[in-house]
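Data first, discussion second: the structure below is written as structure tokens.
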Amino acid sequence: MKKTIYVLILPLVVVSGLVFANREVKPSPKPLSTAERKARMVNDRKKWEASPDGIKFKEWELSPEGKKVHASHDKIRKYLKDFSNMEAVVTSVTFQRANAKSGPKWLIVRIDGEAYMMQFTLKEFQQFNDLKVNDKITVRSHSAGYSPNHPYLIVSGDYIEQNNKVLFKRDFSKNNGC
């Protein structure tokens with residue numbers, strides 16, 4: 001009985017040894033240095049700028065619409081950097097992009113004479129059901145972005161209050177701070 005078990009186990013040991021011996025060991029990649037990361041980012045950006053989407057975006061940036069959006073970003077850059085209060089007036093709570101049947105909801109506000117967009121999920125937007133056009137709100141944001149597909153600068157709208165009552169506060173803990 002012992003001989004039978006040894007006879008069965010011996011080929012198993014030999015085969016598994018051969019499998020592990022022929023396995024290729026791949027060295028773990030070294031983390032890139034800061035200079036290498038920057039060089040890769042520059043290279044990737046140049047490739048994107050040469051793509052059809054990149055060319056279209058560059059043309060939009062140079063257009064009057066693109067320049068207007070960039071100028072509106074310059075107006076609130078300090079508020080974004082400091083995450084400080086911006087007084088805003090609601091201009092639309094029903095904005096919908098052309099050809100968009102569903103998707104995010106948009107709040108359009110005017111800050112210092114310029115129009116800005118804030119995008120929210122349907123669930124987040126429910127907190128703004130009581131808002132009406134010409135309501136005054138206070139907005140704080142960490143960031144903003146632009147796209148040739150949108151008529152205004154897109155402000156993240158991380159914190160919104162009205163009459164010292166918090167209407168919306170973005171929860172960053174669910175994304176580990178990202």
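Since the structure is predicted, the reported quantities are computational estimates derived from the model, not experimental observations. Both backbone and side-chain heavy atoms feed into the values below; hydrogens, waters and symmetry mates do not.
- Tyr159 and Ile137 fall into different hydrophobic clusters, where Ile, Leu, Val, Met, Phe, Trp and Tyr residues are linked whenever their side-chain heavy atoms come under 4.5 Å apart, directly or through other members.
- Relative ring orientation between Phe168 and Phe120 is described as perpendicular, the plane-to-plane angle rising above 60° on a 0-90° scale split at 30° and 60°.
- Below 30°, between 30° and 60°, or above 60°: for Phe128 and Phe125 the angle between ring planes is above 60°, a perpendicular geometry.
- Annotation: side chain of Gln127 is not in contact with side chain of Ile160 (no heavy-atom distance under 4.5 Å).
- Pairs engaging residues 43-54 under the salt bridge (charged side-chain N to carboxylate O under 4.0 Å, His left out) rule: Arg45-Glu49, Glu49-Lys58 [sequence neighbours left out].
- Here the closest non-hydrogen pair linking Tyr116 and Ser72 is OH-O, 2.7 Å.
- Scanning all heavy atoms of the two residues, the minimum distance from Asp130 to Lys132 falls at O-NZ, 3.3 Å.
- Taking the side-chain contact (heavy atoms from CB on, under 4.5 Å) definition, one finds that Leu32 meets it with Glu36, Arg37, Arg40, sequence neighbours left out.
- Once rounded to the nearest 0.5 Å, the distance linking NZ of Lys67 with CG of Asp74 reads 13.0 Å.
- Hydrophobic clustering keeps Phe95 apart from Ile111 (ILVMFWY residues linked when any side-chain heavy atoms are closer than 4.5 Å, directly or through intermediates).
- Interatomic distance, OG1 of Thr94 versus NZ of Lys105, reported as 8.5 Å (0.5 Å rounding).
- Proximity of a side-chain donor or acceptor of Tyr79 to a complementary backbone N or O of Val139 within less than 3.5 Å is not detected.
- Side chains of Arg140 and Asp158 form no contact here, defined as non-hydrogen atoms less than 4.5 Å apart.
- Asp82 is linked by a side-chain contact (heavy atoms from CB on, under 4.5 Å) to Lys78, Ser84, counting only residues two or more places apart in sequence or in another chain.
- Counting heavy atoms from C-beta outward, Glu87 and Thr138 have side chains that approach closer than 4.5 Å.
- Of all the heavy atoms in Ala50 and Ile55, the pair that sits closest is O-CD1, 3.5 Å.
- To the nearest 0.5 angstrom, His142 atom NE2 is 14.5 Å from Lys81 atom NZ.
- Considering every non-hydrogen atom in both Ser141 and Ser156, the closest pair reads OG-OG, 2.6 Å.
- By the rule that hydrophobic residues join a cluster once side-chain heavy atoms approach within less than 4.5 Å of another member, Tyr146 and Met86 end up as members of one cluster.
- Partners of Tyr152 by side-chain contact (heavy atoms from CB on, under 4.5 Å), not counting sequence neighbours, listed by chain and number: Ile108, Ala115, Met117.
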Audit row: Glu161, Leu167, side-chain contact (heavy atoms from CB on, under 4.5 Å) steps and yes/no
CA-CA 5 Å; Glu161 72 177 39; Leu167 299 178; 5.7 Å; no
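- To the nearest 0.5 Å, atoms CD (Glu59) and NZ (Lys56) are separated by 9.5 Å.
- Judged by distance alone, the side chain of Asp135 and the main-chain N or O of Val90 form no donor-acceptor pair under 3.5 Å.
- Here Lys75 pairs with Glu114 under the salt bridge (charged side-chain N to carboxylate O under 4.0 Å, His left out) rule; sequence neighbours left out.
- Taking Ile, Leu, Val, Met, Phe, Trp and Tyr as hydrophobic and joining them when side-chain heavy atoms fall under 4.5 Å apart, one finds Val133 isolated, its cluster having no other members.
- In this structure, the side chains of His73 and Leu80 come closer than 4.5 Å at one or more pairs of heavy atoms.
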Working note: Val109 + Val155, criterion side-chain contact (heavy atoms from CB on, under 4.5 Å); need CA distance, chi angles, decisive distance, verdict.
CA-CA 10 Å; Val109 297; Val155 177; over 6 Å; no
